[in-house]
Amino acid sequence: MSAGSTEEPRVRLRAAIAGLPAYKAGAPAVPFEGTAYKLSSNENPYPPLPGVLKAAVAAAEEINRYPDFASGALIEEIARFTGVPADRVAVGTGSVGVLQQLVQATAGPGDEVLFAWRSFEAYPIITQIAGATAVTVSLRSDETHDLDAMAEAITERTRLVLVCNPNNPTGAIVPRAELERFLDRVPKDVLVVLDEAYVEFVRAEDYPDGVAISLDRSNVCVLRTFSKAYGLAGLRIGYAIAAEPVAQALRACAVPFGINLVAQAAAVESLRSQDALAERVSELVAERERVMAALRQIDLAGRYGVELHDSQANFFWLRLGARSVEFAQACEAIGVTVRPYPPDGVRVTIGEQEANDRVLGVLRSGF
Ligand SMILES: *Cc1c(COP(=O)(O)O)cnc(C)c1O
């Protein structure tokens with residue numbers, strides 16, 4: 001420390017930024033004798049599809065040029081895939097990037113952003129960056145959204161409501177009828193975001209069609225990502241489907257040339273490779289069902305006080321409470337990184353079968 005450093009004037013930062021909690025990314029795989037696995041970030045365990053990789057590499061030959069500013073080819077492809085007009089589509093640097101644009105477009109100091117808790121940990125951070133106030137409503141004891149309580153928590157300052165469906169980290173869905181009833185109670189000038197990061201993994205019959213709802217209701221926006229089912233987490237690309245004025249506001253808040261040209265090319269090719277991708281997603285869903293069935297064979301309630309609930313995503317949730325970190329450490333000791341959220345629980349991604357089996361082993365043998 002140099003002499004007199006305490007006298008140096010400090011750059012003034014916004015108070016909201018100074019108090020910001022850091023985003024905790026899922027920890028990387030740990031060094032381990034044998035294969036180490038990362039089940040801490042809900043990534044897709046499959047490598048990129050050969051055709052997608054080829055498109056990305058071909059695009060990389062042109063990285064001395066700026067990407068298409070409007071992501072035109074990609075927007076067209078998303079519009080075709082989702083069956084909405086192109087002016088209802090906006091893209092961003094991951095759906096977290098799109099979400100940040102949404103918050104910027106709707107909420108500032110004095111405004112409220114409402115969401116369930118526990119939910120996606122980016123929500124409070126993005127809200128705080130905008131200088132808005134986060135208002136949270138606890139999940140119900142079965143890990144689902146308490147939409148009645150959320151409707152009651154709406155005030156005249158509420159500008160944005162985030163509904164994570166399925167919810168990260170619990171895997172629970174909001175069913176169609178409950179969602180419609182909730183939307184009927186939300187004022188029409190408050191934007192509701194349906195964060196569908198895991199939509200491709202959902203098999204529940206009563207899961208709502210978010211895109212259709214967004215066509216019906218001008219205050220509903222759907223968020224999707226290429227990071228999870230599509231396996232392009234490393235390229236940072238996501239999109240929103242919303243009424244045209246909302247989509248336009250999103251474009252206005254975008255970082256210029258934010259979606260790089262490798263990401264644009266890979267995402268377009270992915271959307272054209274639906275059959276191959278759907279096959280992989282089906283295999284992951286089948287693996288989820290295998291793991292959930294195995295979990296049900298373990299006396300989680302008796303041994304750990306954990307009640308197992310359905311998951312419709314590519315992960316499962318164990319409400320281990322005070323033992324969350326201990327469990328994560330036991331998994332790490334056998335080469336598997338999971339995601340503890342102390343003091344609530346642990347989220348475990350459905351990954352390679354060997355990795356999932358190791359986690360099951362820890363729960364069977366105790367930790
Ligand atoms: C992973 C995830 C996202 C996607 O993030 P990207 O920025 O697209 O990688 C969005 N919402 C939720 C709830 C998630 O879990």
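In listed order, ligands and their atoms are each counted from 1.
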Minimum non-hydrogen distance to atom 5 (O) of ligand 1, winning option of Gly238, Ser95, Pro169: Ser95

Closest heavy-atom approach to atom 15 (O) of ligand 1 among Tyr239, Phe315, Phe120, Tyr198 is made by Tyr198

Check: [X] N/O within less than 3.5 Å of ligand 1 N/O:
X	result
Val96	yes
Thr93	no
Asn42	no

Should [X] and [Y] count as an ion pair when the cut-off is N to O under 4.0 Å?
X	Y	value
Glu287	Arg290	yes
Arg319	Glu143	yes
Asp209	Arg176	no
Arg272	Glu77	yes
Glu200	Arg224	no

Below 4.0 angstrom from a heavy atom of Asn168, which ligand 1 atoms are there? Numbered from 1 as shown, please. 13 (C), 14 (C), 15 (O)

Check for me whether Ala233 has a heavy atom closer than 4.0 Å to any atom of ligand 1. no

Going by heavy atoms, is Ala197 under 4.0 Å from ligand 1? yes

Closest to atom 3 (C) of ligand 1 among protein heavy atoms sits Lys228 NZ, 3.4 Å

Nearest protein heavy-atom contact for atom 7 (O) of ligand 1: which residue, which atom, what distance? Arg236 NH2, 2.6 Å

Among side-chain atoms of Arg118 and Tyr341, is any donor-acceptor pair under 3.5 angstrom? no

Is there a donor-acceptor contact under 3.5 Å linking the side chains of Ser71 and Asp68? no

Could you tell me whether Ser227 approaches ligand 1 through its side chain, its backbone, both or neither, with non-hydrogen atoms closer than 4.0 Å? side chain

So, is the end of the Arg323 side chain (NZ or CZ) under 6.0 Å from the ring centre of Phe367 and within 45° of the ring's axis? yes

